[in-house]
Amino acid sequence: KGITIDAAKFGGSMDLGGVSGSGVTISLGTVGNLSVSSIASTTTFTLDGAAAASSNATLSQLDVSANAALTLGSGAGAFTLGSASAAGTFTLDGSNSNAAISIAKLSASGTVSLVTGENGTISAGAVVITGTNGGFTLDASNATSIAVNLGAAVSVGNVDSTISIGSGAGTFSAAVLAGDGEFTIDASKSSAAFDIASISASGITVTLGGAGNFSSNIISSGKGFTLDGSSMASADLDLKGISASGGMSITLAGSATMSSLEVNSLSNFTLSAAGAAEDIDITNISASGVSITLGLQGDFSASSIAASDTVTIDASGSTTAQGITVGRISASGAVSITMGAGSGTISLNTAGSNAGFTLDASRFDGEIDARDISASGATISLGTGGDFSASTIQMQAGSFTLNARSTDASGEVINITQLSADDVTMNMGSKSDLSANIASAHVGGDFLFSGVGYNGGLDITDLSASGVTITTGAAFNYSAE
């Protein structure tokens, strides 16, 4: 038979040993003090503590053959659940409570829903959804501060899962968040720090608030991954490994620091830090297409960028460009790098493209060092105040164009060790002392040096071309062997 314990008018404490029945319902009074060793229900279980002005309840063992629903009252206190299992759904509603919630172990065939109040304090050793039709919901949207520790694992079925965090500071930690459905973390109002060792789901969306402190060792998505930090005033992102079968999008704002060891997407990877004061370091990037938009500082480094389509690095919005350092770029499509203002450095070890290569540094005043560039056509445009050097510039097909048209340049040096292309055009514009040095240039077509008003020097050790045209200013030094 069913068991009903109605203590709604009772103002004392209840200490129960074992309770079992075909359906168990317990209603608490204004005090809400309850201790139960074990509860076993062959159907549903209901704990109604909504009337309690404070909640100090301990349920050591809970076994339910259907749905379980627990409601906490207002006020402070503590709610402790030892081990709980439900053959249906499990719902803990603490939306009106300021009690601290502690769960040692919880499993359910259906969805688990945990709702906190303003206190936002909850810890769980392991929350496991055993059914394929289960999901996980943590609603702390009313919390003004949080202290969430989800412990060992949250493992759910194919129902989408959601974590919602309210305003204020605090901490959120979890060892494993895993689901066959999509996982959404909405912390858009929060200033808490998030540390999640591993997240895996069919799709993952993370929205961060003003503080933007988020770290994770593993992020694995069967579809896409989105991290929206557009509301961040400051950010410290440590995302060691990110992989997604779909597209990947990361948006940064404010004073943003981001580091990552591996970023792998079977679709496109998009990183936007437009308007941010950013410092971005990603060791390896692999994607179908790569698009990176930098912010005010133009500060980006990567060891390797590999794309089966295009690679775009847009730092045109930088006002104090500190520089771009990339070890290797490999792309089947075009590679484009655009710099804004600033006087940092561009260091590019190797850039290979089956299409075109474009480096627009016409507003950039820093040093540029490119070891090897290989592409089917390339255009490099230089600004004022920095030297340019390249070991090898090799066009698989097409022409090479170097634009150094700034009339304010003075004393800069252009050094190219080996240059080969169908045609070569060097557009020079300096009115002061600037020197261009080429050790070896092998041109299948025409070599054109256009320098009306150019009063610098040109030194070519070895030049072979179908035709050579050199136009210079009044003061020009030329040497060739």
Inset, instruction - Provide the full list of salt bridge (Lys or Arg N to Asp or Glu O under 4.0 Å) pairs with a residue in residues 364-377, sequence neighbours left out, each pair given once. - result: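 Non-adjacent pairs meeting salt bridge (Lys or Arg N to Asp or Glu O under 4.0 Å): zero.
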Inset, instruction - Could you list all the salt bridge (Lys or Arg N to Asp or Glu O under 4.0 Å) pairs where at least one residue sits in residues 165-179, not counting sequence neighbours? - result: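 For residues 165-179, and leaving out neighbouring residues, there are no salt bridge (Lys or Arg N to Asp or Glu O under 4.0 Å) pairs at all.
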Legend entry - Closest approach of S265 to G246 (non-hydrogen atoms, all atoms of both residues):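 The pair with the smallest heavy-atom distance is OG-O, 2.8 Å.
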Inset, instruction - Applying side chain to side chain donor-acceptor pair (under 3.5 Å), run through N264 and S243 and close with a yes or a no. - result: CA-CA 5 Å; N264 297 298; S243 62; over 6 Å; no
Legend entry - Separation between NZ of K189 and CG of L208, rounded to the nearest 0.5 Å: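 The CG atom of L208 is 15.0 Å from NZ of K189, to the nearest 0.5 Å.
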Inset, instruction - To the nearest 0.5 Å, tell me how far L28 CG sits from M14 CE. - result: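 Interatomic distance, L28 CG to M14 CE, rounded to 0.5 Å: 5.0 Å.
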Legend entry - Contacts of D195 that satisfy salt bridge (Lys or Arg N to Asp or Glu O under 4.0 Å) - sequence neighbours left out: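 By the salt bridge (Lys or Arg N to Asp or Glu O under 4.0 Å) rule, D195 matches no residue at all.
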Inset, instruction - Go through the structure and list residues passing salt bridge (Lys or Arg N to Asp or Glu O under 4.0 Å) with K223, not counting sequence neighbours. - result: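 K223 satisfies salt bridge (Lys or Arg N to Asp or Glu O under 4.0 Å) with E182 only.
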Could you tabulate the donor-acceptor pairs under 3.5 Å formed by side-chain atoms of residues 113-121, not counting sequence neighbours?
from	atom 1	to	atom 2	distance (Å)
N119	OD1	T121	OG1	3.0
N119	ND2	N98	O	2.9

Can you see whether [X] engages [Y] through a side-chain donor-acceptor pair at a distance of less than 3.5 angstrom?
X: Q396; Y: S374; result: yes
X: D48; Y: T46; result: no
X: D360; Y: S362; result: yes

Legend entry - Given I380, T350, T392, the one that forms side-chain contact (heavy atoms from CB on, under 4.5 Å) with I373: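 So, applying the side-chain contact (heavy atoms from CB on, under 4.5 Å) to I373 and each of I380, T350, T392, only I380 qualifies.
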Inset, instruction - Give the C-alpha distance, both sets of side-chain angles, the deciding distance and a yes or no for side chain to side chain donor-acceptor pair (under 3.5 Å) between T312 and D314. - result: CA-CA 6 Å; T312 300; D314 183 0; over 6 Å; no
Inset, instruction - Run the numbers on N67 and T91 for side-chain contact (heavy atoms from CB on, under 4.5 Å), then give the verdict. - result: CA-CA 8 Å; N67 298 334; T91 302; over 6 Å; no
Inset, instruction - With sequence neighbours left out, write down each residue that passes ring pair (Phe, Tyr, Trp, His ring centres under 6.0 Å) with F172, or none if nothing qualifies. - result: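 For F172 the ring pair (Phe, Tyr, Trp, His ring centres under 6.0 Å) partners, ignoring immediate neighbours, are F194.
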